[in-house]
Amino acid sequence: MSYVLLLLATIAWSFVGVLVKTASTMVDSPIITFSRFFFGVVFLGIFLLLKDRRIQLRAALAWIWIGAIGKSANYIFENIGISIGYAYGNILVQPVQTITLLFAAMLLFRERISARGWMAALLCVIGVIVVGWNGLPLDALLDGSGLTTLLFTLAGIGAAVHVLSQRMLMRDMDAGNMNFSVFLWSSILVAVPVPFQSEGFHGEVTLAAWMALILLGVITGLSFLWFAKAIQKVPFTIVAIVGNSSVLFTILWSYLFFREPITGYVIGGTCIFVAGFLLLNFPVPRKKTTSDKAQMQGEG
């Protein structure tokens, strides 16, 4: 079951770009952002009530609000970037998140970054640059691709802030109630500017667009729980491979559903930053020391 949950979370994340692109044919990005949180809170709330018979909403912790602001920024910039760019553009969010978390670990938590960590960060940076560039001349890059790369970069930083908040909040809360609290306050934060910024329904109202909005909520509400439960029992090597494969699925769906052009630059850049993920996540076998050998002999 844990492998099924891991696969569900991975596939769900890979569909975000296609679902946002589909929903954008009916509503604009502020509505999409609010809907992702609103429907996410609804589905997560139903799950918690069925599971625990109660919901613990928290608001007094600073990291709740830091996480809400970070996740709101993540969705706001990601949705705008997908709406005006390609459905696969959000593959840039994950490497930017990885880089940001590495620097946060060093600056905020005084953790030492190994040479392998710096190499992984470098590969992520190179991969993001290659995908963002996509072989375009400078004028075309500044006109369009550069803007979407900036938006996904800001989205990745917001996602990293949310991950940091999760790290801090897990000391005091379980994953379900933590995400419910963060997503509920996020929905309120992103709802405030909707009356002033949103054009509402700007396209044809379709069942596909409505289903996209609802499925985005399901992903927001439940995918993090699926992933959290999966990693408790699935070997970390498998988690690293399957979890990071979502970017490859994202590219595949964008081509199959929208026939978006997938250039060699996009494939090459993606391979580079996926290599960075794997380099960072794969455990390095530790050489047995004399004390280790003595301990093994004693246990035998």
Side-chain angles (χ1 to χ4, degrees), residues 9-10 13 61-78 81 89-133 146 148-173 175 178-179 181-182 186 224 227-228 230-232 234-247 269-287 289:
T10 301
W13 291 333
L61 298 173
W63 279 103
I64 288 284
W65 292 99
I66 294 172
I69 292 171
K71 197 61 181 173
S72 297
N74 170 209
Y75 278 6
I76 288 170
F77 293 119
E78 181 180 50
N90 65 330
I91 63 174
L92 299 180
V93 171
Q94 196 170 348
V96 172
Q97 174 185 298
T98 299
I99 298 165
T100 305
L101 288 174
L102 280 174
F103 279 100
M106 180 181 66
L107 298 175
L108 297 180
F109 304 108
R110 305 300 180 186
E111 295 181 5
R112 178 181 172 274
I113 307 301
S114 65
R116 188 168 67 129
W118 287 116
M119 179 59 68
L122 178 62
L123 290 174
C124 286
V125 170
I126 294 173
V128 168
I129 291 174
V130 172
V131 173
W133 169 43
T148 55
T149 300
L150 174 61
L151 289 169
F152 291 126
T153 298
L154 294 174
I157 294 172
V161 172
H162 176 236
V163 172
L164 286 173
S165 75
Q166 289 182 307
R167 171 174 174 173
M168 303 304 294
L169 290 169
M170 285 299 288
R171 304 171 183 174
D172 304 305
M173 304 179 67
M178 173 189 67
N179 283 329
S181 297
V182 170
S186 296
F224 295 100
F227 189 75
I231 62 177
Q232 294 175 0
V234 177
F236 197 76
T237 303
I238 303 298
V239 172
I241 295 173
V242 176
N244 290 316
S245 68
S246 65
V247 298
T270 301
C271 291
I272 292 172
F273 66 65
V274 167
F277 294 151
L278 298 180
L279 178 64
L280 186 65
N281 290 323
F282 266 51
V284 177
R286 186 170 62 92
K287 292 182 179 180
T289 62

Contact summary for R116 and L279, nearest pair of heavy atoms: NH1-O, 2.8 Å

Enclosure of M106 CE (heavy-atom neighbours >12, cutoff 6.0 Å): yes

Minimum side-chain heavy-atom gap H162-V182 below 4.5 Å: yes

Taking every non-hydrogen atom, the tightest pair across V93 and A155: CG2-CB, 3.9 Å

Considering all heavy atoms, the nearest A120-G276 contact: CB-O, 3.3 Å

Non-hydrogen side-chain atoms of M168 and R171 separated by less than 4.5 Å: yes

L164 side chain near W63 side chain, heavy-atom distance below 4.5 Å: yes

Closest non-hydrogen atom pair between P95 and V128, with its separation: CG-CG2, 3.5 Å

Residues I64, M173; criterion side-chain contact (heavy atoms from CB on, under 4.5 Å); working and verdict: CA-CA 11 Å; I64 288 284; M173 304 179 67; 3.9 Å; yes

Minimum side-chain heavy-atom gap V96-F152 below 4.5 Å: no

Intermediate values then yes/no, side-chain contact (heavy atoms from CB on, under 4.5 Å), Q166 and N179: CA-CA 8 Å; Q166 289 182 307; N179 283 329; 3.3 Å; yes

V125/I99 under side-chain contact (heavy atoms from CB on, under 4.5 Å): CA gap, chis, key distance, verdict: CA-CA 8 Å; V125 170; I99 298 165; 3.3 Å; yes

Euclidean distance, C271 SG relative to L123 CG, rounded to 0.5 Å: 12.0 Å

4.5 Å side-chain heavy-atom contact, V131 and F273: yes

A68 versus S72, closest heavy-atom pair with distance: O-OG, 2.7 Å

Beyond-backbone contact of S246 with Q94, side-chain heavy atoms, under 4.5 angstrom: yes

From CE (M178) to CZ (F224), nearest 0.5 Å: 9.5 Å

Nearest-0.5 Å distance, CG of residue D172 to CG of residue L61: 6.0 Å

Point-to-point distance, once rounded to the nearest 0.5 Å, from SG of C124 to CG of L102: 8.0 Å

Distance in Å, L151 CG paired with N90 CG, rounded so as to fall on 0.5 Å steps: 12.0 Å

Rounded distance (nearest 0.5 Å) linking atom CD1 of I129 with atom CG of L92: 11.0 Å

Derivation and outcome, side-chain contact (heavy atoms from CB on, under 4.5 Å), residues F103 and I113: CA-CA 9 Å; F103 279 100; I113 307 301; over 6 Å; no

Nearest heavy atoms of N74 and G158, plus distance in Å: CB-C, 4.0 Å

